[in-house]
Amino acid sequence: MKSKFYSMLLIELLSVQCLLVLTASQGFDFFYFVVQWPGSYCDTSQGCCYPTTGKPAADFSIHGLWPNYNDGSYPSNCDPNNPFDESLVSDLLSRMQAEWPSLSCPSSDDTSFWSHEWSKQGTCSESVLAEHDNFQAALNLRDQNNILQMLANAGIQPDGNVYSLTGIKDAIQQGVGYTPFVECNTDASGSSQLYQIYLCVDTSGSSLIECPVFPSGQCDPEIKFPSF
């Protein structure tokens with residue numbers, strides 16, 4: 001009798017744990033799809049390190065696909081029992097190395113970056129996008145939205161010159177059909193520069209939407225677009 005009682009108790013505890021994980025991974029309202037300009041990541045007092053595969057292309061690279069709430073908060077680290085498994089994305093690795101490189105120091109093979117993004121962000125939407133689907137969705141979004149070309153169409157080039165923040169936002173909005181959020185950082189001399197672009201995506205991870213809320217932070221009215 002006692003053994004049966006403990007067995008039933010264990011089943012109930014496991015059921016509750018599974019329910020908590022499922023609830024956490026389902027509880028979000030939209031995604032931020034975030035791309036970063038490598039020139040601005042590197043053009044800081046901290047600097048950068050190229051991945052072991054070599055210098056990435058001079059193009060916007062993926063930072064992540066981040067589940068968020070409409071009130072501006074976000075879930076994180078939702079399932080410690082589901083770590084990043086590189087074998088599940090083996091067919092995507094060449095694209096991930098090209099489009100989702102790590103620039104942090106010391107130099108790496110990018111795996112720690114992808115693992116961090118999956119553990120912190122991806123597990124919070126795993127009921128919708130399993131690991132392979134999550135990385136596939138982010139890669140597809142980047143390929144469907146060529147931010148660098150949209151800016152080039154408006155005469156905005158990564159040449160170290162200064163451009164208006166409004167002009168940058170307008171060029172991207174004209175290209176994607178939705179309002180972007182532009183994040184800036186500062187270079188070694190303290191000048192504001194174009195760092196990251198946020199686009200909002202529906203909970204399927206496939207279609208852009210208008211952002212319910214933007215992140216905090218502001219850029220100067222005129223910002224630098226550094227070369228890479």
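In what follows, every heavy atom counts, from backbone to side chain, and hydrogens, waters and symmetry copies are set aside. The structure displayed is predicted, hence computed values, not measured ones.
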**Study point:** S61 vs E99 side-chain heavy atoms within contact, under 4.5 Å
**Key:** no
Exercise for review: Report the relative orientation of the aromatic rings in F28 and F31; use parallel for angles under 30°, tilted for 30 to 60°, perpendicular for over 60°.
Suggested key: tilted
Review point. Can you name the nearest heavy-atom pair linking N185 to S40, along with the distance?
Key: ND2-O, 3.0 Å
Check your understanding: Judged by atom type as modelled, is there a donor-acceptor pair below 3.5 Å linking the side chain of S207 to the main-chain atoms of D202?
Key -> no
Practice item. With the side chain counted from C-beta on, respond yes when W37 and I197 share a heavy-atom pair under 4.5 Å apart, and no when they do not. Key: no
**Study point:** D59 and R142 ion-paired at < 4.0 Å
**Key:** yes
Review point. Does some side-chain heavy atom of F225 sit less than 4.5 Å from a side-chain heavy atom of Q157?
Key: no
Review point. Okay, side chain of T52, backbone of S108: is any donor-acceptor separation there less than 3.5 Å?
Key: yes
Practice item. For the residue pair Q174 and D170, confirm or rule out a side-chain donor-acceptor distance under 3.5 Å. Key: no
Check your understanding: Same hydrophobic cluster for F181 and L208, using side-chain heavy-atom links shorter than 4.5 Å among ILVMFWY?
Key -> no
Check your understanding: Going by heavy atoms in the side chains, are E131 and V89 under 4.5 Å from each other?
Key -> yes
Check your understanding: Is the distance between the ring centroids of F135 and F84 under 6.0 Å?
Key -> yes
Check your understanding: Are the side chains of Q136 and L129 in touch, meaning some heavy atoms are under 4.5 Å apart?
Key -> no
Study note, to complete from the structure: Closest non-hydrogen atoms of S191 and D187, given as atom of the first, atom of the second and distance, are N-OD1, 2.8 Å
Review point. What orientation do Y198 and Y32 show, parallel under 30°, tilted 30 to 60°, or perpendicular over 60°?
Key: perpendicular
Review point. Are a donor atom and an acceptor atom from the side chains of N82 and E126 found within less than 3.5 Å of each other?
Key: yes
Review point. Does the cation-pi check pass for K120 over Y74, that is, NZ or CZ under 6.0 Å from the six-membered ring centre and within 45° of its axis?
Key: no
Practice item. Could you tell me whether the side chain of D43 reaches within less than 4.5 Å of the side chain of Q193, counting heavy atoms only? Key: yes
Check your understanding: Can any side-chain N or O of D220 pair as donor or acceptor with the backbone N or O of E222 at less than 3.5 Å?
Key -> no
**Study point:** Point-to-point distance, once rounded to the nearest 0.5 Å, from OH of Y178 to CG of L199
**Key:** 11.0 Å
Review point. Going by atom types alone, do T179 and Q173 pair a side-chain donor with an acceptor below 3.5 Å?
Key: yes
Check your understanding: Mind checking whether P56 and L103 have side chains closer than 4.5 Å, heavy atoms only?
Key -> yes
Check your understanding: Under 2.5 Å between the SG atoms of C48 and C105: is that the case?
Key -> no
Review point. Distance-only, no hydrogens or angles: does the T123 side chain make a donor-acceptor pair with backbone N or O of S119 under 3.5 Å?
Key: yes
Study note, to complete from the structure: Taking every heavy atom of Y41 against every heavy atom of Q36, the minimum-distance pair comes out as CD1-OE1, 3.8 Å
Review point. Among side-chain atoms of N153 and Q149, is any donor-acceptor pair under 3.5 angstrom?
Key: yes
Practice item. Could you verify whether a donor N or O on one side chain and an acceptor N or O on the other, from S102 and S104, lie under 3.5 Å apart? Key: yes
Practice item. Could you walk me through whether I62 and F33 pass side-chain contact (heavy atoms from CB on, under 4.5 Å), step by step? Key: CA-CA 8 Å; I62 299 169; F33 173 61; 4.2 Å; yes
Review point. Tell me the disulfide (SG to SG under 2.5 Å) pairs involving residues 129-161, sequence neighbours left out?
Key: none
Check your understanding: Which atom pair, heavy atoms only, marks the closest approach of D109 to W114?
Key -> O-CH2, 4.2 Å
Exercise for review: Could you walk me through whether L151 and L194 pass side-chain contact (heavy atoms from CB on, under 4.5 Å), step by step?
Suggested key: CA-CA 12 Å; L151 294 173; L194 174 59; 4.2 Å; yes
Check your understanding: Would you say the side chain of Q97 lies within less than 4.5 Å of the side chain of P51, judging by non-hydrogen atoms?
Key -> no
Check your understanding: Minimum heavy-atom separation for D159 to Y163, with atom names?
Key -> OD2-OH, 2.9 Å
Review point. Do we see a donor-acceptor contact under 3.5 Å between the side chains of W66 and E117?
Key: yes
Review point. Run the side-chain contact (heavy atoms from CB on, under 4.5 Å) check on T111 and F113 step by step: do they pass?
Key: CA-CA 5 Å; T111 304; F113 182 29; over 6 Å; no
Review point. Looking only at atom types and distance, does a side-chain atom of S125 sit under 3.5 Å from a main-chain N or O of V128, one as donor and one as acceptor?
Key: no
Point to revise | side-chain contact (heavy atoms from CB on, under 4.5 Å) assessment of V201 paired with F30 | key: CA-CA 6 Å; V201 183; F30 69 98; over 6 Å; no
